[in-house]
Structure formats: structure tokens, C-alpha cells
Amino acid sequence: MMKVAIGTDHNGPDLKEEIINKLSNMAEFIDCSPVNDPLDDYPDFAFKVSEMVASGEADLGILICGTGIGMSIAANKVKGIRCAHVTNIDEARLSKMHNNANVMAMGAKNPDALEMVKVFLETSFSNEDRHIRRGEEIIKIENGEYNV
């Protein structure tokens, strides 16, 4: 079964629990934020989830904060992470299909959040040559090897 690291700051504990409870038939969720308080810092959770994905301890990651923006910025600082800030169901699908995203970040109050996670988990990378090529270019940028 797929392993998914999930973490939230103080904005999303209820959504995180709903995802874990309603989608546990699709994946084994690893809760990377079992305790939250109003003073917690989202980069801590973004790093923990991203490190689990980058190391192979988890197959994918889900991040939740007020908007998803801060989490995505922090997650993308971890080498090997392709975190997509997702705001709708189509973006959840395309982030996996075209960009081979391995982490998804979203806002806690998005009414489509549960369906977005479901689609993200169900969608596979297309393996089309153009998407493979673009992904390889991103890896070169990450490794300081990219030349235009």
C-alpha cells in the first residue's frame, strides 16, 4: 500500500483527520503533525513531510496550511521534492500527470480538498517524452547543472 506523509500547521488539523479517516483505504498515512498549536511554524511540518518523501520513507506527501503557499515554498527547498501548490481538482490531477509532483500543498479551507487529495493519489505520471524532458531540466537546475 502507498505510504503518504501528511502534515499541517494549526490551520488544518480537522482537514488532516478527515483525509486520514476517509482515504485510509487508498493509502497508509503517516501523521507528521500529531500536535498543533497557534504558534507552530509551517516550515517545520513541510520539512518533515518532504524529508520523508525525499528519503523514500513515504511515496507522496500532503501539506496543509492557511493557503498552501508557504508550505509549497518550504517543501520545494528540499532536494528531490516537486511540491505543487494546488487549488482545484484539475490542478491536483495535472500536477501528477504532467509534473510528476511528489508533494501536494493546499489551503485548509478549500471545499474540494478531500477530492483533490483523492485525485492526487489516484493519478499517475504520464511518462510522455516532453514531461520527462522538462522534469530532467528541473533536476539539472536543482543540481546547479542547468545551462540555457
Side-chain angles (χ1 to χ4, degrees), residues 1-126 131 134-146:
M1 181 174 268
M2 175 182 0
K3 290 185 179 184
V4 178
I6 187 168
T8 184
D9 67 2
H10 59 278
N11 288 291
D14 293 340
L15 176 57
K16 178 191 71 174
E17 291 304 319
E18 181 181 15
I19 290 166
I20 292 170
N21 291 333
K22 291 190 176 171
L23 300 180
S24 61
N25 61 322
M26 296 181 71
E28 174 188 336
F29 287 92
I30 304 162
D31 189 349
C32 295
S33 57
V35 178
N36 291 105
D37 68 56
L39 298 178
D40 60 20
D41 294 322
Y42 64 82
D44 297 336
F45 305 116
F47 182 73
K48 187 169 184 180
V49 167
S50 297
E51 280 292 306
M52 290 192 79
V53 173
S55 73
E57 291 177 73
D59 301 301
L60 296 172
I62 303 295
L63 293 168
I64 307 161
C65 67
T67 63
I69 297 168
M71 285 283 204
S72 68
I73 292 170
N76 279 315
K77 300 300 180 189
V78 176
K79 188 173 183 169
I81 294 304
R82 294 173 311 280
C83 180
H85 172 239
V86 173
T87 62
N88 62 56
I89 295 165
D90 200 41
E91 289 175 358
R93 182 179 56 81
L94 292 172
S95 70
K96 283 283 287 297
M97 186 180 289
H98 290 181
N99 306 112
N100 202 16
N102 54 10
V103 177
M104 183 182 93
M106 65 183 167
K109 301 216 181 331
N110 190 311
D112 294 323
L114 190 63
E115 185 64 21
M116 288 168 20
V117 173
K118 183 177 182 286
V119 166
F120 185 76
L121 298 180
E122 289 175 335
T123 303
S124 298
F125 180 54
S126 71
H131 298 307
R134 293 167 185 164
E136 288 170 351
E137 290 173 4
I138 292 169
I139 292 168
K140 286 180 182 176
I141 292 168
E142 186 176 59
N143 292 330
E145 302 167 353
Y146 188 78

Student: Please report the closest heavy-atom contact between Leu121 and Met2, naming both atoms and the distance.
Tutor: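 It is O-CE, 3.7 Å.
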Student: Just so I know, are the side chains of His85 and Ile73 near enough to count as touching, which here means a heavy-atom distance under 4.5 Å?
Tutor: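 No, too far: nothing below the 4.5 Å cut-off.
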Student: Apply side-chain contact (heavy atoms from CB on, under 4.5 Å) to Lys79 and Asn143, showing your working.
Tutor: CA-CA 9 Å; Lys79 188 173 183 169; Asn143 292 330; 2.8 Å; yes
Student: Taking atom CD of Glu17 and atom CD1 of Ile6, what is their separation to the nearest 0.5 Å?
Tutor: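 Result: 8.5 Å between the selected atoms.
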Student: For Cys83 and Ser72, work out which heavy atoms get closest and say how close.
Tutor: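 Shortest heavy-atom contact: SG-CA, 3.6 Å.
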Student: Are Lys96 and Phe120 in a cation-pi contact, defined as NZ or CZ under 6.0 Å from the six-membered ring centre and within 45° of the axis?
Tutor: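 Relative to the ring axis of Phe120, which defines the angle, Lys96 lies inside both limits.
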Student: How long is the straight-line distance from SG of Cys65 back to CE of Met71, given to the nearest 0.5 Å?
Tutor: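 Interatomic distance, Met71 CE to Cys65 SG, rounded to 0.5 Å: 5.0 Å.
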Student: Donor-acceptor pair, distance only, cut-off 3.5 Å: does the side chain of Asp112 make one with the backbone of Glu115?
Tutor: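 No.
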Student: Compare every heavy atom of Leu39 with every heavy atom of Asp37, then report the nearest pair and how far apart it is.
Tutor: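 Scanning both residues completely, I find the closest heavy atoms to be OD1-N, 2.7 Å.
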Student: How long is the span from the CG atom in Asp44 to the OG atom in Ser33, to the nearest 0.5 Å?
Tutor: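 If we round to the nearest 0.5 Å, Asp44:CG and Ser33:OG are 11.0 Å apart.
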Student: Give the intermediate values and the outcome of side chain to side chain donor-acceptor pair (under 3.5 Å) for residues Asn11 and Asp9.
Tutor: CA-CA 5 Å; Asn11 288 291; Asp9 67 2; 3.2 Å; yes
Student: Looking at Phe125, I'd like to know if its CZ atom is crowded, meaning that more than 12 non-hydrogen atoms belonging to other residues, nucleotides or ligands lie closer than 6.0 Å.
Tutor: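 More than 12 heavy atoms, drawn from other residues, nucleotides or ligands, come within 6.0 Å of this atom.
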Student: Looking at every heavy atom in both Ala92 and Met104, which two are closest together, and how far apart are they?
Tutor: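 Closest pair (atom of Ala92, atom of Met104, distance): CB-SD, 4.2 Å.
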Student: If every non-hydrogen atom of Asp59 is compared with every non-hydrogen atom of Val53, which pair is closest and at what distance?
Tutor: O-CG1, 4.1 Å
Student: From Met1 CE over to Met26 CE, what is the distance, rounded to the nearest 0.5 angstrom?
Tutor: 9.5 Å
Student: Does some side-chain heavy atom of Lys3 sit less than 4.5 Å from a side-chain heavy atom of Glu57?
Tutor: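 Not in contact.
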Student: Looking at CD1 of Ile139 and OH of Tyr146, how far apart are the two atoms once the value is rounded to the nearest 0.5 Å?
Tutor: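 Spacing of CD1 (Ile139) from OH (Tyr146) equals 13.0 Å.
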Student: With heavy-atom distances below 4.5 Å as the criterion, would you say the side chains of Phe45 and Thr8 are in contact?
Tutor: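 With C-beta onward as the side chain, the pair stays apart.
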Student: Taking all non-hydrogen atoms of both residues into account, name the closest pair between Ile64 and Gly107 and its distance.
Tutor: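 Reported closest heavy-atom pair: CG2-C, 4.4 Å.
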Student: Kindly indicate whether the side chain of Asp31, heavy atoms from C-beta on, has any atom under 4.5 Å from the side chain of Lys16.
Tutor: yes
Student: Using only atom types and a distance under 3.5 Å, with no angle test, would you say the side chain of Asp40 pairs donor to acceptor with the backbone of His10?
Tutor: yes
Student: Does the side chain of Met106 come within less than 4.5 Å of Ile62's, by heavy atoms?
Tutor: yes
Student: Taking Gly80's backbone N and O only, do any of them form a donor-acceptor pair with Glu142's side chain (distance below 3.5 Å, no angle check)?
Tutor: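 Yes; judged by distance alone, with no hydrogens or angles, the pair exists.
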Student: Can you tell me how far NZ of Lys118 sits from CD1 of Ile89, rounded to the nearest 0.5 angstrom?
Tutor: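 Reported to 0.5 Å precision, the distance equals 10.0 Å.
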Student: Check whether any side-chain heavy atom of Leu114 lies under 4.5 Å from a side-chain heavy atom of Ile19, and answer yes or no.
Tutor: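 Side-chain contact under 4.5 Å: yes.
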Student: Does any non-hydrogen side-chain atom of Glu51 lie less than 4.5 Å from one of Val78?
Tutor: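 Val78 vs Glu51: side chains touch.
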Student: Does Ile81 reach the side chain of Asn102, with side-chain heavy atoms less than 4.5 Å apart?
Tutor: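 In contact.
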Student: Would Leu23 and Phe29 satisfy side-chain contact (heavy atoms from CB on, under 4.5 Å), going step by step from the backbone distance to the final call?
Tutor: CA-CA 9 Å; Leu23 300 180; Phe29 287 92; 4.0 Å; yes
